[in-house]
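Take a look at the structure set out below.
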Amino acid sequence: MQNKKIVILYGSETGNAQDFAHILSHKLKRLHFSHTLIKIGDYHPKSVLQCKYLFIICSTTGQGELPRNARENCNGRAQGTLWQFLKKSTLPADLLDHVNVAMLGLGDSSYPRFNFGIRKLHERIVNQLGASEIFPRLEADELGLAGSNKDTGNGVESVYYEFEKRIIAYMLEKYPNRKHDGKMMPRVGLAEDVYLKPSNILEISTVNGSTNDQLPDSKIQFVGDETIRHGTVKKNNQITAKDHFQDVRQFVFETEDHEAYHPGDTVSLYPENSDNDVELFLEAQPHWKKVADELLTITDLENCDRFRDGGVVKPLTLRTLLKYHFDIVSIPRQSFFMKTWTFANAHEDRPTDQELLEQQRDKLRQFGYGQDLQDLYDYCNRPRRSVLEVIQDFEFLKLPWEFALDYLPMIKPRFYSISSAPSDPNVELTIAIVRYKTLLRKVRKGLCTNYLLTLTENDTVRYKLQNNHLLHEDIIGKPIIMTSPGVGLAPMKCLIESNLFKDQYLFFGNRMKDKDFLYEDTLSMWKKEGKINLFTCFSRDPINSPHAKYVQDQLWNQSSLIADLILKKSAIVYICGSSGKMPVQVRLTIVEILKKHGNFENAEEAEHYLKEMERTDRYMQETW
Amino acid sequence: MTVSRDSLVLIHPAVTQQPELLETIEKGSILSETTIVAQYLINKLNDGTISPDDEKYDVIYYVTPEKPEAIQFPPKLIPVLHKTLKPSGRLYGLSDTLKVDALINGFEIVSNNGSEYYWVKESREKKAPVSISLKGNMKNGASAPVALPSFKKLNKTQPIGSSPSAGLAVSLKKLPTFKKLTKKVSAIKLTDSDLEDDDDDLESDDSANNSKTKFFDDFDDPETGDSIDEDDLIAETEEDTITMIQCGKSKQRRRKACKDCSCGLKEMEEQEIESRRAKQQQVIKFSEEELTEIDFTIEGKKVGGCGSCALGDAFRCSGCPYLGLPAFKPGQSINLNSISDDL
């Protein structure tokens with residue numbers, strides 16, 4: 001039974017907050033602090049009554065919201081979650097005065113609503129509901145490698161380590177001793193090379209063969225998540241030129257229940273590893289291969305939250321776990337090394353070069369416990385090296401499969417904007433296939449898009465549909481300026497077809513007109529019908545796009561039109577596409593347009609006007 | 001009654017807006033019979049600015065404009081008030097909303113058909129120091145008020161000095177063990193598996209939770225209560241104490257480039273990758289001679305000038321031409337086709 005008085009909560013979108021939460025959990029466990037580790041969205045509100053020490057790590061998503069797994073429980077419902085409860089206006093100001101809280105926000109300052117997630121939690125939990133702060137909250141900035149609260153270091157990781165350091169110092173001061181076998185003794189952390197046995201262990205099933213539905217060769221199913229749906233693939237076409245370097249797909253599948261959806265809604269898909277990668281993993285860990293097809297059970301499965309989203313595969317074997325659950329092509333995080341370095345050991349079956357073993361063991365340990373992280377970053381993140389490749393590099397790393405759930409990352413669903421007309425039973429996604437080169441000789445492939453490439457008509461995909469409520473009633477019916485280079489076009493297509501807006505202006509850009517003008521026929525037709533006003537630009541195609549390289553150039557070319565739409569007709573601005581320079585440049589351009597045509601007294605006024613647009617959701621940005 | 005009785009008046013902050021309320025109460029029958037020794041805002045007690053002496057007062061009066069059924073009082077202060085009362089001392093001004101907290105902290109509730117209501121510090125020893133009997137079983141204690149004494153109804157208000165229970169308390173007070181027993185177990189320890197057993201400063205908190213439970217119960221009905229607007233939680237002009245540290249180019253060690261890098265680090269990184277690739281292209285054209293030079297197939301031989309080339313990227317120098325290739329295993333020949341591919 002996990003202790004309910006010490007609780008680590010996390011809200012994570014990309015997995016950073018989750019990994020830090022797991023590292024903190026790991027460190028506390030090694031100091032014999034029993035505690036609960038859970039996503040904010042899955043934490044039962046009433047449990048907070050028993051909570052005394054609360055550690056929250058949370059990122060921010062969308063328009064300054066808490067991440068999905070903080071807002072919603074694992075079944076995708078907001079009803080009954082902690083956050084919904086805390087937002088109730090009737091709560092007394094001392095509701096949380098029994099809680100000591102420490103908070104860490106992970107943010108990206110290229111978004112105007114930087115770290116709003118943790119700031120909202122902080123304002124409500126500390127300032128309004130009376131929880132005591134152990135130390136002022138910390139905020140980290142992924143974009144600028146910035147730290148927070150001066151001198152705590154440099155980079156998101158160092159801010160995290162500062163957070164961890166303060167929590168551990170505080171807890172050790174409070175509880176310097178612990179009880180062991182009825183005797184009090186000083187609280188001393190486990191030696192680094194002692195592996196802490198996890199609660200969910202894989203065991204070879206003893207009831208072999210008695211249940212037919214668990215035979216290794218029976219049909220693959222997933223059990224435990226009622227909310228997952230199965231779609232039937234209808235179309236999977238490349239819509240860029242065949243000789244173009246970038247493969248963009250029009251991927252269409254028919255929904256199971258013909259669910260309703262609206263502009264801005266998304267679909268999450270559950271990818272699989274390739275059989276080849278599974279095989280490579282098994283070859284790198286020969287002792288896994290020997291039992292790869294044995295039926296397994298998981299101890300304490302009911303308290304394992306790893307399969308809550310998507311369910312657990314059946315039949316359950318190491319092979320099926322590797323194919324459907326373990327994200328072996330993801331970049332390993334620090335916690336992976338922290339937990340596994342101690343498994344670099346001599347192999348019984350062959351002579352050991354002791355020096356080599358020591359070298360590997362030390363290096364893995366350093367990756368796991370080093371606080372600088374530059375080396376780990378250079379080794380893993382920068383070249384985008386996968387777990388599989390790390391295991392191939394470190395031949396002495398002999399991973400015990402029994403504990404795999406503890407140290408191997410899990411495959412997470414990937415989210416895509418819907419581009420088909422609202423509630424069309426054939427959901428259309430517009431997906432850029434992820435392939436690129438880094439320092440590594442092997443081409444990097446995105447797990448999900450690589451999986452999608454293998455799908456053909458009538459194949460089944462597992463998915464969930466999310467209603468994101470992007471559009472508020474008071475913005476509907478106004479003119480809209482859509483700025484969406486590349487596959488940012490996806491949600492715009494759905495939005496245009498919804499006919500919710502009066503005049504629709506689309507600014508689309510890509511590299512070359514003849515290679516990657518996505519949905520050229522459809523867009524041209526809509527333009528002809530007067531459904532949209534279309535402005536295109538192609539950055540590597542001066543012949544077809546002589547006056548504009550990027551969407552922001554095209555916006556600037558149309559500046560009087562844009563100013564008129566925004567200032568006189570209360571137009572909505574919606575930007576979608578990859579993050580980085582585009583959204584920043586577009587925003588700057590819009591400010592300049594407002595300055596030029598807006599008759600504002602000074603530049604600050606124009607900037608303020610745009611900020612007000614952001615605050616009231618007239619200026620929306622969805623970038624990734 | 002010749003003995004002077006000391007009283008303490010505690011004030012809800014809102015009373016400062018209604019001084020007449022305080023005046024009425026001070027002139028009332030209860031306080032006028034006592035000497036008001038001190039008068040504090042409840043906040044002072046709550047934040048620990050003031051910590052009253054043990055067993056100092058005969059009467060404590062909490063003055064609040066709240067309706068009795070809606071009193072919000074920090075339950076953690078109830079044991080504090082208990083401590084500062086003399087045995088059989090009385091606490092006025094709180095209500096049955098805090099019944100459970102009163103009982104577990106060693107008060108008896110005296111209610112005389114609504115005309116008279118106060119809490120009395122129980123003079124009988126066993127009730128007071130909850131912490132001792134509940135050690136190791138704190139949760140049961142806190143959530144099982146059934147085992148606690150029920151109300152005592154008095155038909156007549158008895159002057160404190162003459163009540164039989166007060167007499168007992170006086171004699172108890174003389175016992176040297178009394179104070180010791182009322183003290184909580186001070187050593188706060190935490191066990192490996194179970195924080196609850198030894199962490200006795202959690203007790204008051206759990207009792208606090210009893211009065212909070214109702215907010216959670218209401219929640220089960222989605223229709224009840226409005227919600228605040230999330231956006232209101234962010235102040236437009238929030239002056240943040242967060243200090244940002246700027247990008248890392250100036251640091252001694254090279255850092256990774258920011259996502260929107262404008263200092264040139266990103267370009268540097270890109271260039272570096274380009275030049276690496278160029279180097280790799282050369283490496284790929286190993287001549288027979290070169291292959292012997294870096295013969296990784298010789299068992300136990302870790303080749304390269306630095307001795308680390310075969311170990312993989314984790315060990316290779318930053319300028320190593322083999323960066324980006326897997327570790328070379330002794331006894332395995334290198335098949336460059338198997339370790340590289342094209343877009």
Side-chain angles (χ1 to χ4, degrees), chain A residues 3 5-6 32 34 45-46 49 52 79 85 87-92 94-95 97-98 110 116 119-120 123-124 136 139 141 143-150 154 174-175 177-180 184 245 353 359 363 374 377 379 382-383 389 392-393 395 435 437-443 580-581 584, chain B residues 72 74 188-199 202 205 208-209 212-213 215-216 218-219 222 225-228 230-231 233-234 236 241-248 251 253 255-256 258-260 273 276 280 300 302 311-315 323-327 329 339-343:
Chain A
N3 190 297
K5 295 204 166 62
I6 304 176
H32 312 280
S34 173
K46 211 166 175 173
L49 279 174
K52 191 163 162 61
Q79 182 61 44
F85 169 69
K87 285 192 289 184
K88 283 189 59 148
S89 55
T90 50
L91 301 178
D94 63 350
L95 183 83
D97 64 0
H98 61 287
S110 71
F116 270 27
R119 291 180 190 180
K120 285 175 178 176
E123 176 67 17
R124 191 64 182 156
E139 288 184 10
D141 182 3
L143 176 83
L145 267 178
S148 69
N149 291 18
K150 213 174 173 180
N154 181 331
K174 284 248 162 200
Y175 304 104
N177 298 308
R178 68 185 184 98
K179 208 180 224 173
H180 184 65
M184 294 309 293
F245 78 98
D353 179 337
Q359 266 178 316
K363 184 61 85 177
Q374 182 72 31
Y377 180 80
Y379 178 59
R382 209 140 73 96
E389 285 163 322
Q392 288 172 330
D393 262 5
E395 57 171 326
R435 283 176 146 232
K437 277 203 149 186
T438 66
L439 207 67
L440 298 179
R441 307 295 308 195
K442 267 192 183 307
V443 168
K581 290 196 172 110
V584 178
Chain B
Q72 302 279 332
I188 298 171
K189 311 293 185 207
L190 193 62
T191 55
D192 180 14
S193 57
D194 194 354
L195 182 71
E196 300 162 40
D197 281 16
D198 299 280
D199 184 11
L202 292 174
D205 294 333
N209 297 337
K212 289 173 182 171
T213 312
F215 298 105
F216 292 85
D218 289 351
F219 180 52
D226 295 334
S227 289
I228 55 157
E230 246 184 77
D231 294 335
L233 293 172
I234 305 285
E236 259 315 277
T241 50
I242 306 298
T243 315
M244 290 305 170
I245 290 166
Q246 293 312 304
C247 94
K251 298 275 164 187
R253 277 198 86 173
R255 316 298 311 196
K256 58 186 172 184
C258 304
K259 246 200 266 177
D260 64 342
I273 290 174
R276 282 271 160 71
Q280 285 173 353
K302 291 170 295 181
L311 301 179
D313 284 355
F315 301 93
L323 270 177
L325 295 172
K329 306 240 159 69
I339 52 180
S340 88
D341 52 5
D342 281 315
L343 276 168

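Lettering follows sequence order; numbering is per chain, from 1.
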Next on the checklist: Using 0.5 Å steps for rounding, measure from the CZ atom of A/R382 to the CG atom of B/D313.
Outcome noted: 11.0 Å
Checklist outcome for this item: Here the gap from A/K363 atom NZ to B/L311 atom CG, rounded to the nearest 0.5 Å, amounts to 9.5 Å
Minimum-distance pair of heavy atoms, taken over all atoms of [X] and [Y]:
X	Y	value
B/L233	A/K120	CD1-O, 3.7 Å
B/A327	A/D393	N-OD1, 2.8 Å
B/I234	A/F116	CG2-CZ, 3.5 Å
B/F216	A/F85	CE2-CE2, 3.1 Å

Checklist entry - Are the side chains of B/Q72 and A/P92 in touch, meaning some heavy atoms are under 4.5 Å apart? => result yes
Next on the checklist: Donor-acceptor pair, distance only, cut-off 3.5 Å: does the side chain of B/K212 make one with the backbone of A/D94?
Outcome noted: yes
Item to check | Side chain, backbone, both or neither of B/E230 within contact of chain A (heavy atoms, under 4.5 Å) | outcome: both
